[in-house]
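Atoms considered below: every heavy atom in the structure, side chains included; atoms not considered: hydrogens, waters and symmetry mates. Counting starts at 1 for both ligands and their atoms, following the listed order.
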Amino acid sequence: MPTPSDAEQRAGELRAQLHHHAHRYYVLDAPEIPDAEYDRMFQELQRLEEEHPALRTPDSPTQRVLGRVLEGLAPVRHAVPMLSIQTETDTTAAGAEAFDARVRRELGLGEDAPPVAYAAELKFDGLAINLRYEHGVLVLGATRGDGETGEDVTQSIRTIGQVPLRLATDAPPPVLEVRGEVYMRRDDFEGLNERQRERGEKTFVNPRNTAAGAVRQLDPAVTAARPLSFFAYGVGDVQGAAGIDPLPATHGALMDWLQSLGLPVDAERAVVQGAAGLVAFHDRIEARRDALPFDIDGVVYKVDSLALQRHLGFKTREPRWAVAHKYPAQEQPTRLNDIEIQVGRTGKLTPVAKLEPVFVGGTTVSNATLHNLFELRRKGVRVGDRVIVRRAGDVIPEIVGRMPGERMAYVPNFRMPTACPVCGSAVLRERGSVEHRCTGGLFCAAQRKQALLHYAGRRAMDIEGLGDRLVDQLVDAGLVRTLPELYRLGVAKLAALERMAERSAANLVAALEASKRTTLPRFLYALGIRHVGEATAKDLARHFGSLDRIMSAGADELLQVRDVGPVVARSIRAFFDQPHNVEVVEQLRAAGIGWDEHDGTRADAAALRLAGKTLVLTGTLPTLGRDAARELIEAAGGKVAGSVSRKTDFVIAGSEAGSKLDRARELGVAVLDEQGLRDLLEAPRGDGA
Ligand code: IVH
């Protein structure tokens, strides 16, 4: 056992390293070491702390989940009140202009005075939190409550990986209160609900309520199982050393300072000039709203100068120097007119809500998914109810639940049909599954339609012009029953369809013709084999090099492919074991579909120049974009990893390469520039690269 002083030193080192790597991982999303290495250090620290309990400091990374279930949340009085913010409800440019005009008037600025500088940021849709750091250590996390008194949620807050338990500075101020928002990313929310759905448990309504509920949880283990995130957007009580105010002069600089202390801040934030700057920011973010990984309900404008903020002061409970400018809501009430059943590509029956059209999240929504019978029952919605619809990002619109209120008449509960509404085949539900499925396979027109649409998709065979409406027509008219029949459509047959001009018919035939030159991964993906997405299709093509080898591969051989597990292997085998699927493939090949064996699918994967090599990209390359570089590497059989480790073969570094480059040098990993990468790709085969 190490002596106490050795142990103390080692524990200190480990804590510092773990803090550093947790920040790289959770906040910067740029890990420098593999997860296993982090785990190893973590376990070493845990062991040391068990042997020497005196070393267990509250800021230790091992102390994120403290296992005490609380009986209730204790009230905390805020040292500085947590204010709310005035909301500008006019969602047009006028909202921003009105705020700027108000600020200019209060500051007594004439028309000729220069524009006011504003800090513009996102309005996160979560729960406001105050984090109190004393001498750099997190001592308290509290909710806003009524602004004067909140609740102590320190235990929950400590479970959030993005919240530093210790500030990243050697000279922390004696007191620093950081204010910000705890929220849940959309993908984390979807993932959480997916897991709940699989287990047949209650799903959550929206990311905001889920985040708020998780923070106010009494059991930290439950909170730890909910993936929460945090953004800092301001400060509360701040006391500098020797009474010196550590705050910078502007809000923008304040955010940079918080970031340097290891706190996550929003990357979209900007300092802009005057009303025009605000409007441009508002519009830019609105256009990007769906692409953001989390929900926002607007943007926030703050006068950038902290001196001007003090000058403007407060109006009762709201600062005069800030305003929230909203976007259209992502949840709206409407009426549930009907529930229909949709049959998907794999036969899954989905109950779909037919709604009174409603404008939500920037578009008009008239259909929303109800996922499955169990979810529908849990939400307790019936035809005729007033319901809340939610549409956020590119997520499919959903029914959140019903609005309170009594039903005027009895409406029977919805039941799943026992026969497929499209083809009449039996509907089955596997034991333990929440999904009902049509057993009709490609005999079912709905499944056929979906299979055709998938085949024609942009990322599959990319047949332009073959969309929903046309597929419906082709299948309904009995013109296309199988994929190969697509290639037997002539201009004459097509032009006979309703609303199909000769010209569009000719275009489609040309598009079908053009689709015949494809790549093996696209073709494989286009076949719609269950569990074979784009990535798996690429891996299969790269591994086997030819379609025949894939079709004849046994489950054992399939399991050799990266990321292919037993479920996927079984599904591929099952697909090619069906004679009619093999028939379809043969007919497609007979129709002239083919690919260039040099499209990253070369026959002998082992002979590829970068086969088995792991590369890491860092910095900006002079001509190649990130994606292009990755594609080139992958096409040559190499793998691109996110972090440098001893297993990395090459680091490709461009300008402004950061810590990954340092790490490569530390570990003695070969570092190349873009030209070096190109040389590597062009080197004769088998020269050691
Ligand atoms: S500043 C004194 N900035 O919106 C100003 N608030 O009432 C204090 N919010 O629940 C708030 N994003 O949690 C500010 N970038 C942002 C924000 C933000 C979200 C929340 C805040 C509060 C409400 C404001």
Side-chain angles (χ1 to χ4, degrees), residues 78-89 95-96 99 102-103 118-131 141-151 153 157 160 162-163 177-185 206-209 211-212 215-216 228-238 247 250-252 254-256 258-259 263-272 278 281-282 284-286 288-289 292-306 308-327 329-330 392:
H78 296 301
V80 173
M82 287 181 79
L83 301 167
S84 80
I85 192 170
Q86 197 185 330
T87 301
E88 188 55 68
T89 44
F99 171 63
R102 244 180 358 254
V103 167
Y118 294 104
E121 45 196 42
L122 305 182
K123 184 167 191 299
F124 313 107
D125 205 4
L127 181 71
I129 289 290
N130 183 56
L131 305 175
T143 62
R144 190 172 93 108
D146 64 5
E148 301 284 340
T149 306
E151 289 167 318
V153 288
I157 295 301
I160 306 174
Q162 284 195 324
V163 171
E177 285 188 351
V178 177
R179 294 199 168 156
E181 198 90 346
V182 170
Y183 67 99
M184 191 175 279
R185 289 167 55 102
N206 59 34
R208 198 218 10 236
N209 294 7
V215 169
R216 302 190 63 257
L228 297 171
S229 300
F230 178 77
F231 268 130
Y233 57 62
V235 292
D237 190 11
V238 182
L247 292 182
T250 63
H251 184 80
L254 174 62
M255 290 297 106
D256 295 342
L258 293 182
Q259 183 171 34
L263 288 148
V265 294
D266 157 37
E268 305 286 341
R269 73 188 191 284
V271 175
V272 302
L278 295 178
F281 182 82
H282 181 264
R284 182 166 69 78
I285 299 298
E286 185 161 21
R288 283 190 34 70
R289 188 182 185 192
L292 294 171
F294 44 81
D295 286 356
I296 56 168
D297 55 353
V299 286
V300 177
Y301 311 136
K302 299 171 182 172
V303 170
D304 193 36
S305 154
L306 299 192
L308 287 184
Q309 285 187 5
R310 280 186 284 270
H311 182 82
L312 284 160
F314 300 88
K315 189 173 70 190
T316 57
R317 315 209 33 110
E318 290 161 354
R320 286 202 190 84
W321 45 264
V323 78
H325 193 186
K326 294 270 201 173
Y327 291 127
Q330 289 174 315

* Asked: Can we say Asp266 and Lys123 salt-bridge, meaning some charged N sits less than 4.0 Å from an Asp/Glu carboxylate O?
  -> no
What are the polar N/O contacts of ligand 1 with the protein below 3.5 Å, with distances?
residue, atom, partner, partner atom, Å
ligand 1, 3 (N), Lys302, NZ, 3.0
ligand 1, 4 (O), Lys123, NZ, 3.3
ligand 1, 7 (O), Ile85, N, 3.1
ligand 1, 12 (N), Phe124, N, 3.1
ligand 1, 13 (O), Glu181, OE1, 2.3
ligand 1, 13 (O), Tyr233, OH, 2.6
ligand 1, 15 (N), Glu121, OE2, 3.0
ligand 1, 15 (N), Leu122, O, 2.9

* **For Glu181, salt bridge (Lys or Arg N to Asp or Glu O under 4.0 Å) partners two or more places apart** => none
* To do: With sequence neighbours left out, write down each residue that passes ring pair (Phe, Tyr, Trp, His ring centres under 6.0 Å) with Tyr183, or none if nothing qualifies.
  => Phe231, Phe294
* To do: Using ring pair (Phe, Tyr, Trp, His ring centres under 6.0 Å) as the criterion, list what pairs up with His251, not counting sequence neighbours.
  => none
* Is it true that Phe99 and Tyr118 have ring centroids separated by less than 6.0 Å? -> yes
* **Closest heavy-atom pair and its distance - Tyr301, His282** => OH-CB, 3.3 Å
